[in-house]
Number of protein chains: 2
Amino acid sequence: MSLATDAADQPTLYKRIRADIEKRILTGEWPPGHRIPFEHELVARYGCSRMTVNKALSELAQADLIERRRRAGSFVRRPQHQSAVLKIADIRAEITALGRAYGYELIDRKLRVATAADRGRLGVKKAGKVVAITCRHSADRVPFAVEDRLIDLSSVPNAATADFSREPPGSWLLHHVPWTEAEHTISAVVADDRTAEALDIAVGAPCLVIDRYTWRSARTITAVRLLYPGDSHRLVARFKGG
Amino acid sequence: MSLATDAADQPTLYKRIRADIEKRILTGEWPPGHRIPFEHELVARYGCSRMTVNKALSELAQADLIERRRRAGSFVRRPQHQSAVLKIADIRAEITALGRAYGYELIDRKLRVATAADRGRLGVKKAGKVVAITCRHSADRVPFAVEDRLIDLSSVPNAATADFSREPPGSWLLHHVPWTEAEHTISAVVADDRTAEALDIAVGAPCLVIDRYTWRSARTITAVRLLYPGDSHRLVARFKGG
DNA sequence: TTGACTTATATGTCTAGACATATAATCGTA
DNA sequence: TACGATTATATGTCTAGACATATAAGTCAA
């Protein structure tokens, strides 16, 4: 994530090793797919112990700059062409973290055999059962977001009996179901009647939309659409570059 | 980033330690500002060496979940009230990467002494000169985004003479000016007359907005607002958890 | 009360080993 | 040739130490 700077600014060895490699990757000297020197080679080059180069390489791997493969070595990764990453734990945590009072309201909960629309949304073919939930999150008693969620009961049978009248489904899932993969799509819409009412905004007002799909090893867990008032809510990201 | 999963899925100790702490943070059990047990306490609790807990804590620090302070301890960070990270190199690269034909049109370019509004937007106090640019990006001849940009000439004097009629300012800056920090804010608005015309959409149609500020070590370089048609454009992020 | 100095302590980095584990490469066999 | 078993090897994790360093907290003097 960060760029290589002068060695003078980075007295520690592992940072220098990391910066050296990072620089070669970012300048294109080592293109995607290029094999980085083995740990034992770097150990020899820098005259340090293996743990030191291992720390440097581990951090580069954590930053997705390189990929490490046992027995094969470490390789420069293809840059995520538009890597948009959005990490949301859950809304309750988000609001609480902002120091505001969290409020939750279950608007609707239905247990049904998946309709064609449900199946399309979840990306499944078989017509199993699903739970459909509509609820509202608020911060300091002001509507913060409305949530429209579908949970695949064949993946999460427990969800059929969970009490979503008090605990938001996102938090419940977070505590009960581990996930392996997720996808977020951010877009914008204008509020329809139902949304406008739930968010207490005007019909036609802009809304920020986050669609999230969550899988557990190729098995769909849940699909959720979150609608935020577009003028008040913002997704902010701050990051370092070179 | 990742969620806590069963210990069975995470055989290694440092990952379990990391997951345990992560879970407590994400569930709010350990709120922002809370002091995490000292390394030596975790060493005692898990019965392992200090390097093992150090690795767990280092990764949490790298992921910005905690902050480590010498002599004081490790503390839960206030989550970037919604930690959204969005890295976009530039629109031209984005469109090209999608395999679509990139088109660019300069709509307006003005060189002026910064107005009060300009200064507010750039976050500077002195009334230096700025370049204000409005342009349009298209993909396969369909409007993709309109860009409204301000460049601080006291930070980037070269921008005064750069030819933005052919090269988009984002690409030009990327190649000519190194940056150290950036901030993105994503929101939603409805199209006004000018935007509707530029994007060839209806007035009142939803638009996704990305505001980006770029700095070079505390010095503002540029402020840009990108407007995308909200129904067609989407920011997609896919990531792994667990 | 303020400022300068000292001290205690938690983290930061590093070492020289160890064993585990996934897997590329090799070899042997059908 | 194709496939299965074996081996070599690079990474993954871990230990029990070490010294460095930033800094919170305490001490003492002006």
Side-chain angles (χ1 to χ4, degrees), chain A residues 1-2 4-22 25 30 33-77 180 217, chain B residues 1-2 4-22 25 30 33-77 240 242:
Chain A
M1 172 99 65
S2 59
T5 60
D6 293 336
D9 295 351
Q10 292 182 345
T12 71
L13 184 50
Y14 94 86
K15 282 184 181 167
R16 221 187 85 212
I17 299 173
R18 192 188 59 186
D20 284 355
I21 296 169
E22 215 167 78
I25 293 173
W30 288 349
H34 181 270
R35 209 206 78 229
I36 282 174
F38 295 130
E39 290 189 354
H40 65 84
E41 293 174 305
L42 293 169
V43 162
R45 176 174 317 175
Y46 289 94
C48 62
S49 86
R50 212 192 111 208
M51 278 302 285
T52 301
V53 308
N54 183 282
K55 176 155 185 163
L57 294 177
S58 293
E59 289 197 2
L60 289 171
Q62 221 192 322
D64 276 340
L65 258 127
I66 66 169
E67 187 190 344
R68 313 198 72 199
R69 289 206 299 272
R70 272 178 151 116
R71 161 80 209 227
S74 302
F75 302 83
V76 178
R77 287 195 50 160
T180 57
S217 48
Chain B
M1 161 114 58
S2 59
T5 61
D6 294 335
D9 295 349
Q10 290 184 344
T12 70
L13 184 50
Y14 95 85
K15 281 186 180 166
R16 219 187 86 212
I17 299 172
R18 192 189 59 187
D20 284 354
I21 294 169
E22 213 167 78
I25 293 174
W30 287 349
H34 180 270
R35 211 206 76 230
I36 283 176
F38 294 130
E39 291 190 352
H40 66 82
E41 293 174 306
L42 293 169
V43 161
R45 177 175 316 176
Y46 289 95
C48 62
S49 86
R50 211 193 113 209
M51 278 302 285
T52 301
V53 309
N54 183 282
K55 175 154 185 162
L57 294 178
S58 294
E59 289 198 2
L60 289 171
Q62 221 193 324
D64 276 340
L65 258 127
I66 65 170
E67 188 190 343
R68 313 199 72 198
R69 289 206 299 271
R70 274 179 150 116
R71 159 82 208 227
S74 302
F75 302 83
V76 178
R77 286 196 50 161
K240 291 185 159 65

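Naming: A, B, ... by sequence-line order, numbering from 1 per chain.
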Which residues pass the side-chain contact (heavy atoms from CB on, under 4.5 Å) test with Val76(A), not counting sequence neighbours? Ile25(A), Trp30(A), His34(A), Ile36(A)
If you assign each of Ile36(A) and Arg71(A) to its closest nucleotide in DNA chain D, which residue comes earlier from the 5' end? Arg71(A)
Return the set of residues passing salt bridge (charged side-chain N to carboxylate O under 4.0 Å, His left out) with Arg45(A) (not counting sequence neighbours), or none when no residue passes. none
Ring pair (Phe, Tyr, Trp, His ring centres under 6.0 Å): which pairs involve residues 39-73 of chain A, sequence neighbours left out? Phe38(A)-His40(A)
What nucleic acid atoms does Ser74(B) come within less than 4.0 Å of, heavy atoms only: base, sugar-phosphate, or nothing? sugar-phosphate
Atom SG in Cys48(A), atom CD1 in Ile17(A): separation rounded to 0.5 Å? 4.0 Å
Considering only heavy atoms, which members of residues 40-54 of chain A lie under 4.0 Å from some atom of DNA chain D? His40(A), Arg50(A), Met51(A), Asn54(A)
Mind checking side-chain contact (heavy atoms from CB on, under 4.5 Å) for Arg70(A) and listing every partner two or more places apart, or none if nothing turns up? none
Boundaries of the DNA chain D segment in contact with chain A, non-hydrogen, under 4.0 Å: dA8(D) to dC14(D)
Taking CZ from Arg70(B) and C1' from dA8(C), how many angstroms apart are they, rounded to a whole number? 15 Å
To the nearest Å, give me how far apart CZ (Phe38(B)) and P (dA8(C)) are. 17 Å
Could you tell me which residues satisfy side-chain contact (heavy atoms from CB on, under 4.5 Å) with Arg71(B), sequence neighbours excluded, listed by chain and number? none
By side-chain contact (heavy atoms from CB on, under 4.5 Å), which residues pair with Ala61(B), not counting sequence neighbours? Ile66(B), Arg68(B)
Just to verify, what does Tyr14(A) make a ring pair (Phe, Tyr, Trp, His ring centres under 6.0 Å) with, not counting sequence neighbours? none
